[in-house]
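Everything numeric here is computed off the predicted structure, so don't read it as measured data. Heavy atoms only: backbone and side chains are in, while hydrogens, waters and symmetry mates are out.
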Amino acid sequence: MNTITMTVTGDTYQDVAAKMVEIGSKLGAAQTTPPINEAPVKRTRAPKVVDEAPAEVGAVEVDEAPAEVESDDNFETPAEEPAPAKKAKTTKVKEFTLDDIRAGFKAYAAEHSREKALALLPKFKVKSILDLKPAQYNEVMAILNK
């Protein structure tokens, strides 16, 4: 069984019911509607919630002193392990795709000109964007984004 959950809004209950019938007919459901009240629905606001300060907590008095703990000479404290060395921050270089290169050339041509965009290709010893190697993508994007 498939379930659809939706919220239908309208100015009046009748508007909501009419929208529900319209949606039901589009979905091929049986056209049943909830009973319509002739009187408009009275809208009320939810009461405001006021945070009250917590009750004041008084001090607790202790009559007895805490019991002393006998020391155990055989107890060994674990040696502190040295904190792991912090790794050097590495900046991850975005790996561009052929789609990124196409979009970059399109934007460059729109800003400068098609001829200037095509003049960049010989710098990479290619005749077409498709001839670029993925290793060249970062360098190409650096020039296109200048």
Side-chain angles (χ1 to χ4, degrees), residues 1-60 62 66 69-146:
M1 180 173 167
N2 295 328
T3 303
I4 298 174
T5 304
M6 66 179 74
T7 302
V8 180
T9 59
D11 293 332
T12 64
Y13 188 77
Q14 288 82 3
D15 292 342
V16 173
K19 287 180 185 178
M20 290 174 57
V21 169
E22 180 183 337
I23 292 169
S25 66
K26 287 181 181 177
L27 294 175
Q31 293 191 11
T32 59
T33 60
I36 297 175
N37 293 337
E38 294 301 321
V41 176
K42 183 178 179 182
R43 295 182 183 187
T44 59
R45 292 189 178 178
K48 291 184 179 179
V49 177
V50 179
D51 291 334
E52 294 183 15
E56 195 171 298
V57 178
V60 177
V62 177
V69 178
E70 294 180 22
S71 65
D72 188 2
D73 294 334
N74 295 332
F75 181 73
E76 294 179 18
T77 57
E80 290 184 24
E81 295 181 22
K86 291 184 178 179
K87 295 180 180 179
K89 289 185 178 179
T90 56
T91 55
K92 190 173 186 178
V93 177
K94 182 180 183 209
E95 294 190 23
F96 295 101
T97 63
L98 182 59
D99 291 334
D100 295 328
I101 300 298
R102 285 183 178 141
F105 267 97
K106 185 175 180 179
Y108 187 88
E111 185 176 330
H112 300 285
S113 72
R114 183 175 186 268
E115 290 76 27
K116 285 186 179 182
L118 292 174
L120 295 175
L121 293 174
K123 290 181 181 181
F124 299 99
K125 300 177 183 173
V126 295
K127 293 182 180 182
S128 168
I129 295 173
L130 298 174
D131 297 334
L132 289 168
K133 294 183 172 59
Q136 295 174 306
Y137 290 174
N138 286 339
E139 189 178 351
V140 171
M141 288 303 287
I143 291 173
L144 294 174
N145 291 328
K146 281 187 181 179

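To the nearest 0.5 Å, atoms CG (Leu98) and CG (Leu132) are separated by 8.0 Å. With rounding to the nearest 0.5 angstrom, the CG atom of Asn138 is 7.5 Å from the CD atom of Glu95.
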key: Worked check of side chain to side chain contact (heavy atoms under 4.5 Å, CB included) between Asp15 and Met20   = CA-CA 9 Å; Asp15 292 342; Met20 290 174 57; over 6 Å; no

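Side-chain atoms of Lys19 do not come within 3.5 Å of backbone N or O of Gly10 as any donor-acceptor pair.
In plain terms, the two heavy atoms of Ile129 and Ile101 that are nearest each other are CG2-CG2, 3.6 Å. Taking each heavy atom of Tyr137 and Phe96 in turn, the nearest pair found is CD1-O, 3.1 Å.
Applying the salt bridge (charged side-chain N to carboxylate O under 4.0 Å, His left out) criterion to Asp100, with sequence neighbours excluded, gives Lys94. Every residue was checked against the salt bridge (charged side-chain N to carboxylate O under 4.0 Å, His left out) condition with Glu139, not counting sequence neighbours, and none meets it.
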Pair up each side-chain donor or acceptor in residues 105-124 with any protein partner under 3.5 Å, not counting sequence neighbours, and list the distances.
from	atom 1	to	atom 2	distance (Å)
Ser113	OG	Lys116	N	3.2

